Student: 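Below is the structure I would like to discuss, written out as structure tokens.
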Amino acid sequence: MRRILELLGCVALVQGALGLVHEITGRLHGWGLVQRLGFLDGYEIYASVTILVLALALFAAAESRKSG
């Protein structure tokens, strides 16, 4: 379960970062999930930041599942 949470956290981190890079610089068009979802038009930065926060929460959940 811990590996799955870490993998989902990595995917969320990359997607959030790609969304922010695209919104700030205009580059990497079409690489991120946020740009492909039509209902997020106008809210791309908020969605990208939310995905980054979700990534941090997934990493924290994975860390708490550490067997010890």
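Computed from a prediction, not measured in an experiment: that's the story for all the values here. Heavy atoms only: backbone and side chains are in, while hydrogens, waters and symmetry mates are out.
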Student: NE2 of H22 to CH2 of W31: how many Å apart, nearest 0.5 Å?
Tutor: 13.0 Å
Student: In Å and rounded to the nearest 0.5 Å, what is the CG to CZ distance from L8 to R3?
Tutor: 13.5 Å
Student: Working to the nearest 0.5 Å, report the span between OG of S64 and CZ of R2.
Tutor: 9.5 Å
Student: When rounded to the nearest 0.5 angstrom, what distance separates CG in L13 from CG in L54?
Tutor: 10.5 Å
Student: Search all heavy atoms of I51 against all heavy atoms of G16 and return the closest pair with its distance.
Tutor: CG2-N, 3.7 Å
Student: Among V21, V14, L20, which residue satisfies the side-chain contact (heavy atoms from CB on, under 4.5 Å) criterion with L18?
Tutor: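 Among V21, V14, L20, the one meeting side-chain contact (heavy atoms from CB on, under 4.5 Å) with L18 is V14.
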Student: What's the spacing between T50 OG1 and I45 CD1 if we round to 0.5 Å?
Tutor: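 Going from OG1 on T50 over to CD1 on I45, the span is 11.5 Å.
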Student: Do side-chain atoms of Q15 reach the backbone of G32 as a donor and acceptor pair under 3.5 angstrom?
Tutor: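 Absent.
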Student: Please give me the minimum heavy-atom distance between A17 and L52, naming the atom from each residue.
Tutor: N-CD2, 3.8 Å
Student: Applying a strict under-4.5 Å side-chain criterion to I, L, V, M, F, W and Y, I'd like to know whether V34 and Y43 cluster together.
Tutor: no
Student: When you measure from the side chain of E44 to the backbone of G42, do you find a donor-acceptor pair of N or O atoms at a distance under 3.5 Å?
Tutor: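 Yes, because the side chain of E44 sits within donor-acceptor range (under 3.5 Å) of the backbone of G42.
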